[in-house]
Amino acid sequence: MSSLKVIVSEIDEAAEGIRRFTLIAADGGELPGFSGGSHVVVSMPAGPRTYRNAYSLLSPPSDRRNYQIAVRLQENSRGGSRFMHEQVKIGTALDISWPVNLFAISRVGRKHILVAGGIGITPFMSQVHDLLRNGADFELHYAFRSPRHAGFVGELQGLLGGRLVCYDQSQGLMLDTAILLARQPLGTHVYVCGPGGMVEAVRNTASRLGWPEAHVHHEEFLAPPVGEPFAIRLRQSARVVEVGAEESMLEAMEAAGVDVPYLCRGGACGRCELEVLATDGVIEHHDHYLSEDERRSGGKIMPCVSRAKCSFIELNL
């Protein structure tokens, strides 16, 4: 996958444990255009391995002078967020992917309800600029643990005014998804990004209230979980790739020089889907893409976030 060369021009603290990085093109020119909700994948060389994490673009899509991303330092970081917080400085050169949008605003929606939890505010930062420019009817509902965990609130208040509704849990303010979704007019679309529990609550509530599935949008990039080492057998190339306990199948294959397509690296897009031919164990699915029937069949896997509890898994690659 082709990459863009960028330089870190600014770093600031957006909230406790969250840093915003401003990236400019290494050649001094404009960066490629993107639409609200897009993300890029940042490559982070950390010793013998390279981490690649997806981060939403925060900056206005109309401004191609720079990109902005926000990185939360994960408590149990495998290395990616720690690398960004500890190794990246102003002037650091990075490789990033071209922008990809898996969380676009519907063009046919009559009204748009944006629901963010914590760091899940990030994709909405660029979306609100598109919505404002298009004169759309929308609201942003933002839930956070406390003011010190609430990134970008000041910016959003200045930009959105009464369109922004905040829920400070430290003050006992909780988002009631049932009340929020029940009062919306026909033709409304809802978009949610945040902790898994929030995403599921919005999706389940919308389903229970009879919302069309096509009107409910979510984004939740997952980190590959830690597991037991195992081997991947590649049928077409007759190769064997060892997967370590703290690396994903995708990372292991990339390190071995195997070209595997991807877009999100977080189990959401389905681009890296591979066919499973055999295994002597159990597949551990962690994606948001496969249906329950597809998971039960054991014939597919998303190597970006899923793995297997086995000694080997054979793939049609």
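No hydrogens, no waters, no symmetry mates; every other heavy atom, side chains included, goes into these values.
- Other residues, nucleotides and ligands contribute only 12 or fewer heavy atoms inside 6.0 Å of the CZ atom of R110.
- For V305, the side chain to side chain contact (heavy atoms under 4.5 Å, CB included) partners are L222, H286, D287, not counting sequence neighbours.
- Side-chain contact of N101 with S35: a donor-acceptor pair under 3.5 Å is present, judged by distance alone.
- For H285 against S306, the heavy-atom pair with the smallest separation is CA-OG, 3.4 Å.
- Cluster note: F103 groups with L58, I105, L114, I121, F124, M125, V128, L131, L132, F138, L140, Y142, F144, F152, V153, L156, L159, L160, L164, Y191 through ILVMFWY side-chain heavy atoms spaced under 4.5 Å, whether in direct contact or through intervening members.
- Applying the side chain to side chain donor-acceptor pair (under 3.5 Å) test to Q87 and every residue at least two apart in sequence or in another chain returns nothing.
- Side-chain polar atoms of S170 and D168 form a donor-acceptor pair below 3.5 angstrom.
- R145 pairs by the side chain to side chain donor-acceptor pair (under 3.5 Å) definition with H149, not counting sequence neighbours.
- A pairwise comparison of heavy atoms in R208 and A178 identifies NH2-CB, 4.4 Å as the closest pair.
- Judged purely by atom type and a 3.5 angstrom limit, T205 uses its side chain to pair as donor or acceptor with the backbone of A201.
- Side-chain atoms of H141 and E139 form a donor-acceptor pair, as typed in the model, at a separation below 3.5 Å.
- T188 meets the side chain to side chain donor-acceptor pair (under 3.5 Å) test with no other residue; sequence neighbours excluded.
- N53 and Y55 are linked by a side-chain donor-acceptor pair at a separation below 3.5 angstrom, with hydrogens and angles left out of the test.
- Taking the ring centre of F312 as origin, the terminal cationic atom of R233 falls inside the region bounded by 6.0 Å and 45° from the ring axis.
- L290 belongs to a hydrophobic cluster with Y289, M302, counting contacts under 4.5 Å between side-chain heavy atoms of Ile, Leu, Val, Met, Phe, Trp and Tyr, direct or through other members.
- Checked by atom type and distance alone, the side chain of S297 pairs as donor or acceptor with a backbone atom of E294 at under 3.5 Å.
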